[in-house]
Amino acid sequence: MIDLNLLRDEPELVRESQRLRGEDPELVDRIIDADARRRSSLAAFEGARAEQKSMGKQVATASADERPALLAKTKELAERVKAFQADATQAGNEFDELLRQIQNVVEGAPPGGEDDYIVVREVGQARDFTAEGFQPADHLAIGEGLRAIDTARGAKVSGSRFYYLTGIGARLELALLNAAVDCALRAGFTPVITPTLVKPEVMAGTGFLGRHSDEIYHLGTDDLYLVGTSEVALAGYHSDEIIDLSDGPLRYAGWSACYRREAGSHGKDVRGIIRVHQFHKVEMFSYTTVEDAAAEHQRLLALEEEMLALVDLPYRVIDTAAGDLGSSAARKFDCEAWLPSQQRYLELTSTSNCTTYQARRLSVRERTESGATRAVATLNGTLATTRWIVAILENHQQADGSVTVPEGLRPYLGGLEVLIPKA
RNA sequence: GGAGACGUCGCAUAGUCCGGUCUAGUGCGCCACCCUGCUAAGGUGGUAACGGGGCAACCCGUUCGAGGGUUCGAAUCCCUCCGUCUCCGCCA
């Protein structure tokens with residue numbers, strides 16, 4: 001939810017943001033109309049209600065003679081109050097529904113759609129496998145050779161896009177996630193293991209129930225949603241609270257399973273564990289002041305790059321175009337690692353600045369020096385996911401099917417330096 | 001799953017049986033000021049969020065776990081739901 005005052009004072013700014021996203025700019029004007037209707041009907045209701053309350057007091061103190069006449073009047077007034085209230089409630093609901101449709105106001109993201117990102121920087125050097133004299137295998141072939149990834153049995157038991165991580169595969173994931181938690185701890189984040197089932201209002205509050213709601217698993221019997229990221233649970237953590245940011249941002253590192261339906265991605269990344277229905281992730285989540293949000297966004301990006309350096313992957317950072325932003329994000333940076341088998345980049349991390357959008361929807365506020373309350377900003381960013389295994393196996397593979405363990409990860413694998421294929 | 005108790009403005013609690021004087025009282029905490037040579041103590045006042053109108057002091061409305069209902073009027077009566085606690089059952 002965006003700031004209503006911004007929409008009133010600078011409607012053109014919001015219209016332009018909607019255009020950049022490829023969304024309807026006229027929604028802004030429909031909201032302004034709905035706001036006017038809401039306010040006039042609210043004034044009518046409140047006036048009638050005030051009258052009703054004061055007459056109620058007269059009834060209480062009236063003598064037995066006066067009472068019948070007063071009661072007749074108040075009875076009639078009660079009808080009017082009820083009607084006015086129904087109008088006001090309806091106008092309020094219409095207004096809320098429209099306001100919730102407006103996506104966050106874009107801040108600095110390049111215009112365009114999915115392919116219109118800007119490459120911020122490229123880091124590290126992709127290996128030249130031709131010069132090394134062998135064809136790089138894909139992560140699944142390597143993983144199967146190591147007895148680390150089993151997609152066949154995953155499909156047998158749970159269906160397509162499910163998998164088992166076995167032996168070194170399981171250890172590799174734990175190592176990565178533990179390294180991510182350590183990275184977060186060093187940076188002052190509080191590690192949190194979150195719920196992965198959340199209520200509708202929390203899912204809606206984070207902005208995931210809009211256009212892409214078919215991406216989300218819903219348990220109808222219990223009306224609960226399976227989270228696609230611990231961001232959801234961490235955003236809900238301080239919902240309906242007034243938090244204290246006077247000592248700096250509140251920073252959490254969520255560890256959770258993540259569930260995604262992957263609707264509409266049929267036939268895409270079907271091989272291996274690149275695009276799966278369930279995976280694990282360590283996710284950073286910060287609550288900051290509005291003023292500090294952009295700087296915090298850079299801090300989260302820096303931590304993501306620290307993790308990528310730890311596992312020694314070549315990658316690039318992209319500034320996502322406005323049309324490819326989630327509805328909550330004002331700006332988003334992705335880190336994409338090089339994928340030798342496919343000669344392309346693969347998204348490993350994503351960090352979004354949601355400014356006050358989620359905080360307004362979830363009612364997370366802070367108290368300013370003057371004693372007033374105002375919405376905080378929220379940001380999130382990936383520190384490690386199961387998918388990282390893909391890039392690690394492929395980039396550190398050797399001609400004989402073994403994989404060199406990146407130095408930064410060795411302490412998390414008991415000093416193991418190389419992963420050897422099993423016969 | 002069954003039975004019971006409870007949910008009030010930061011915390012604690014009064015009010016609910018018997019609807020109107022509740023504009024929700026009190027204590028603690030917190031803030032400001034006053035007093036006492038320091039400390040401690042004491043005194044006075046203030047102390048929720050959200051929304052609407054002036055856009056400043058102020059006025060009005062909503063909110064007593066949530067949502068419905070009864071009533072001229074609901075913290076108070078009725079219904080449904082949620083949560084917490086205690087006991088029982090079941091599972092681990």
Side-chain angles (χ1 to χ4, degrees), chain A residues 1-11 31-100 102 194-195 197-205 218-225 232-233 236-247 250 287 289-290 356-376:
Chain A
M1 193 152 61
I2 68 162
D3 184 358
L4 180 58
N5 289 318
L6 180 73
L7 197 138
R8 281 178 189 150
D9 299 342
E10 299 188 61
I31 292 172
I32 292 170
D33 284 353
D35 183 36
R37 283 197 298 278
R38 158 186 156 263
R39 282 199 272 180
S40 70
S41 65
L42 195 61
F45 161 65
E46 289 186 349
R49 180 71 176 137
E51 197 185 338
Q52 183 185 37
K53 283 175 87 165
S54 77
M55 284 190 78
K57 258 167 227 168
Q58 290 177 44
V59 172
T61 53
S63 69
D65 294 344
E66 301 165 319
R67 199 166 278 235
L70 269 172
L71 280 182
K73 263 164 92 178
T74 51
K75 203 160 190 168
E76 184 206 346
L77 183 58
E79 291 296 316
R80 266 199 292 145
V81 168
K82 218 164 197 170
F84 279 137
Q85 179 166 35
D87 284 350
T89 304
Q90 200 196 335
N93 288 345
E94 283 169 10
F95 166 76
D96 283 342
E97 198 172 312
L98 285 172
L99 186 63
R100 280 182 166 265
I102 285 268
T194 70
L197 286 168
V198 300
K199 295 180 180 181
E201 58 264 34
V202 174
M203 190 55 89
H218 178 236
L219 303 188
T221 310
D222 302 286
D223 197 15
L224 289 171
Y225 290 91
V232 179
Y237 189 62
H238 285 303
S239 58
D240 292 319
E241 292 182 21
I242 296 172
I243 59 174
D244 184 1
L245 297 178
S246 57
D247 293 329
L250 297 185
Y287 294 87
T289 61
V290 185
T356 59
Y357 188 87
Q358 291 179 330
R360 280 178 206 284
R361 291 177 151 226
L362 291 166
S363 187
V364 186
R365 291 155 296 163
E366 62 164 331
R367 201 169 293 283
T368 61
E369 295 231 338
S370 67
T373 61
R374 63 168 189 172
V376 304

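Because the structure is a prediction, the values reported are computed rather than measured. Because only heavy atoms are used, hydrogens play no part in the values below, and waters and symmetry mates are left out as well, while side chains stay in. To find a chain, count down the sequence lines: A is the first, B the second, and so on, and within it residues start at 1.
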Quiz item: Nearest nucleotide by nearest heavy atom, which residue falls closer to the 5' end of RNA chain B, Arg367(A) or Lys199(A)?
Solution: Arg367(A)
Self-check item: Separation between the C1' atoms of rU71(B) and rG54(B), rounded to whole Å
Solution: 35 Å
Self-check item: Candidates Ile243(A), Thr289(A), Thr356(A), Leu362(A) - the one meeting side chain to side chain contact (heavy atoms under 4.5 Å, CB included) with Val376(A)
Solution: Ile243(A)
Practice problem: Find out whether Phe95(A) and Ile31(A) are in side-chain contact, i.e. whether some heavy atom of one side chain is under 4.5 Å from a heavy atom of the other. | Solution: yes
Self-check item: Evaluation steps, salt bridge (charged side-chain N to carboxylate O under 4.0 Å, His left out), between Asp35(A) and Arg39(A)
Solution: CA-CA 6 Å; Asp35(A) 183 36; Arg39(A) 282 199 272 180; 3.3 Å; yes
Practice problem: Sugar-phosphate atoms are those with a prime plus P, OP1 and OP2; base atoms are the rest. Using that split, label each nucleotide of nucleotides 50-65 of chain B B, S or - for protein heavy atoms under 4.0 Å, 5' to 3'. | Solution: SBSS------BSS---
Exercise. Could you tell me the separation between the CD atom of Glu10(A) and the CG atom of Asn5(A), rounded to the nearest 0.5 Å?
Key: 11.0 Å
Quiz item: If you measure from the C1' atom in rC55(B) to the same atom in rU70(B), how many Å do you get, rounded?
Solution: 41 Å
Self-check item: 5' priority, RNA chain B, between Ala372(A) and Leu71(A) [closest heavy atom]
Solution: Ala372(A)
Quiz item: Expressed as a whole number of Å, how far does the P atom of rU86(B) sit from that of rU23(B)?
Solution: 37 Å
Quiz item: What does rA12(B) pair with, Watson-Crick or G-U, if both distances are under 3.5 Å?
Solution: rU26(B)
Quiz item: Is there a Watson-Crick or G-U wobble partner for rG19(B) with both distances under 3.5 Å, and if so, which one is it?
Solution: none
Quiz item: Taking any strand in view, what nucleotide pairs with rG4(B) in a Watson-Crick or G-U wobble way, both distances under 3.5 Å?
Solution: rC85(B)
Quiz prompt | Interatomic distance at C1', rA49(B) relative to rU8(B), whole Å | solution = 15 Å
Self-check item: Test item: side-chain donor near acceptor, Arg49(A) and Gln52(A), under 3.5 Å
Solution: yes
Exercise. May I ask you to say what Glu76(A) touches in the nucleic acid, namely base, sugar-phosphate or nothing, with a heavy-atom cut-off under 4.0 Å?
Key: nothing
Self-check item: For rG45(B), the Watson-Crick or wobble partner whose two distances fall under 3.5 Å
Solution: rC31(B)
Exercise. With C1' as the reference atom in both, quote the distance from rC18(B) to rU13(B) in angstrom, rounded to an integer.
Key: 22 Å
Quiz item: Expressed in whole Å, how much space separates the C1' atoms belonging to rU76(B) and rG65(B)?
Solution: 16 Å
Exercise. Please determine, for rC91(B), whether a Watson-Crick or G-U wobble partner exists with both distances under 3.5 Å, and give it or none.
Key: none
Self-check item: Euclidean distance for C1', rC9(B) against rG27(B) (whole angstrom)
Solution: 15 Å
Quiz item: Would a 4.5 Å heavy-atom cut-off, applied to side chains only, mark Leu99(A) and Leu7(A) as touching?
Solution: yes
Quiz item: When the P atoms of rC77(B) and rG19(B) are considered, how many whole Å apart are they?
Solution: 9 Å
Practice problem: Calculate the interatomic distance between Leu77(A) atom CG and rC72(B) atom C1'; express it in whole Å. | Solution: 9 Å
Quiz prompt | Rounded distance (nearest 0.5 Å) linking atom CD of Glu51(A) with atom OG1 of Thr74(A) | solution = 10.5 Å
